[in-house]
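These notes are about the structure you will find just below.
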2 protein chains.
Amino acid sequence: MDATDRKILAILQEDSSLPVAEVASRVNLSQTPCWRRIQRMEETGVIRRRVALVDPDAIGLGLSVFVEIETGDHSAEWLERFAREVEAMPEVMEVYRMAGDVDYLLRIAVANMAEYDGFYRRLVALLPLKNVTSRFAMERVKYTTAYPVGEAATGGR
Amino acid sequence: MDATDRKILAILQEDSSLPVAEVASRVNLSQTPCWRRIQRMEETGVIRRRVALVDPDAIGLGLSVFVEIETGDHSAEWLERFAREVEAMPEVMEVYRMAGDVDYLLRIAVANMAEYDGFYRRLVALLPLKNVTSRFAMERVKYTTAYPVGEAATGGR
DNA sequence: GATGAAAAATCCAACCG
DNA sequence: CGGTTGGATTTTTCATC
């Protein structure tokens, strides 16, 4: 992964619908080598997938809720089962296992409070949890899937 | 946006590199009407963009940190400026204005603790903030950009 | 690796029920 | 709205440097 690959990544993270020829010209390369670089990054898993990003408001899922969960003392198997079940819930967009007092942090996308309440009930009914805190987002100020891939940001990796 | 559009969205949110003919056959449509539906959803902004999703570990940005910020009492202009400045920082992947005691919640992607420390110093130097709390993720259990678009999930919108 | 060009696949527009 | 056809564009492969 050299500087050219990173430039390609920066472009494709913003717009993956661009023709390879266009990407190539922007990184001062001709089509084929550029195409091979993209291909290689897809094979090696640097590029995980290409997706369409949907506007949550447009499909009526504009409410983001962050859920902080303390699981309490539990076995590794219990925790694994918890993670698997939460993962399978479609409203759950992100799940992180955290350091510190909160064990898991979830981002939930729902239509409104009533729907969130439904989700919350299903969540706490799933398994016994020590503590569950809901924090509601008023506004999504920034949301990007594009990681910074410039020299400075990655430490020249 | 009918059920067919939602089916198309579900597919494209998972893999937008599929040829239209493939999408069309999966939703029992021929190529052109399917293509027209996709086109329309792009024009109306339901589909915001098509992007490549990069594996953060593969580019050395595997550390996720959540930052909770209390700004304190400030004017609308001050808050707007704050939002604009934070938004412009490339390590910042998500920013939410929150209800409750925490004013903003940020998700930061960095390479390691040292880099996070650098980000933190730049953040607090930006403007005076009442309180800043960092929470570190040990593991990303789930991350998806695909909103649930089934009948049940959207309330039949 | 890079290049240019040809072959294959895909997109998109024109046109019809 | 949906379907079919075909030219334009793009992707992908292949020789050549």
Side-chain angles (χ1 to χ4, degrees), chain A residues 1-55 57-60 145-147 149-151 154-157, chain B residues 1-55 58-60 145-157:
Chain A
M1 262 246 307
D2 60 8
T4 304
D5 276 350
R6 279 198 291 275
K7 275 188 204 167
I8 294 171
L9 275 188
I11 295 166
L12 259 29
Q13 283 191 116
E14 293 297 333
D15 186 356
S16 69
S17 74
L18 292 172
V20 179
E22 171 64 24
V23 178
S25 90
R26 290 198 200 173
V27 299
N28 293 107
L29 222 58
S30 65
Q31 211 175 118
T32 307
C34 182
W35 178 82
R36 270 203 294 253
R37 280 168 180 269
I38 295 169
Q39 212 63 13
R40 187 161 46 82
M41 290 194 284
E42 280 173 348
E43 278 159 18
T44 59
V46 175
I47 295 174
R48 281 203 313 147
R49 64 211 312 200
R50 288 152 179 271
V51 301
L53 296 184
V54 167
D55 178 0
D57 289 320
I59 56 168
T145 56
Y147 291 97
V149 286
E151 306 287 329
T154 62
R157 195 198 178 197
Chain B
M1 262 245 307
D2 61 7
T4 304
D5 276 350
R6 278 198 292 275
K7 275 188 203 167
I8 293 171
L9 274 188
I11 294 166
L12 259 28
Q13 283 191 116
E14 293 297 333
D15 185 357
S16 69
S17 74
L18 292 171
V20 179
E22 171 64 25
V23 178
S25 91
R26 289 197 200 175
V27 299
N28 293 106
L29 224 56
S30 68
Q31 209 175 122
T32 305
C34 183
W35 177 83
R36 273 201 291 248
R37 279 167 178 270
I38 295 169
Q39 211 64 12
R40 188 160 47 80
M41 289 194 283
E42 280 173 348
E43 278 159 20
T44 58
V46 174
I47 295 175
R48 281 204 312 149
R49 64 211 313 200
R50 288 151 180 274
V51 300
L53 296 184
V54 167
D55 178 0
I59 57 169
T145 56
Y147 290 97
V149 286
E151 307 286 329
T154 62
R157 193 195 176 192

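In what follows, every chain begins at residue 1, and chains take the letters A, B, ... in the order their sequences are listed. Computed from a predicted model, the values in this text were never measured in an experiment.
The heavy-atom pair separating R50(A) from S17(B) by the smallest distance is CD-CB, 3.9 Å. Annotation for A52(A) and S16(B): closest pair N-CB, 3.6 Å, computed over non-hydrogen atoms. Scanning both residues, A21(A) and Q31(A), for their nearest heavy atoms gives CB-NE2, 3.5 Å.
Atom C1' of nucleotide dT10(C) and atom CG of L18(B) are separated by 13 Å, given to the nearest angstrom. Put simply, CD1 on I8(A) is 13 Å from C1' on dG1(C), counting in whole angstrom units.
For residues 27-37 of chain B, the set of pairs meeting the salt bridge (charged side-chain N to carboxylate O under 4.0 Å, His left out) definition, not counting sequence neighbours, comprises D2(B)-R37(B), D5(B)-R37(B).
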| What would the secondary structure line of DNA chain C be in dot-bracket form, counting Watson-Crick and G-U wobble pairs under 3.5 Å, with [ ] for pairs that cross earlier ones and | for pairs with another strand? | ||||||.||||||||||
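A heavy atom closer than 4.0 Å to some atom of DNA chain D occurs in L29(B), S30(B), T32(B), P33(B), R36(B), R37(B), these being the qualifying members of residues 26-49 of chain B.
Proximity of L12(B) to M41(B): side-chain heavy atoms (C-beta onward) are nowhere separated by under 4.5 Å. Residues V27(B) and I11(B) are in side-chain contact: their nearest non-hydrogen atoms beyond the backbone lie under 4.5 Å apart.
Expressed to the nearest 0.5 Å, how far CD1 of I47(B) lies from CD of E42(B) amounts to 5.0 Å.
In this structure a side-chain-to-backbone donor-acceptor pair under 3.5 Å is missing from E14(B) to A146(B).
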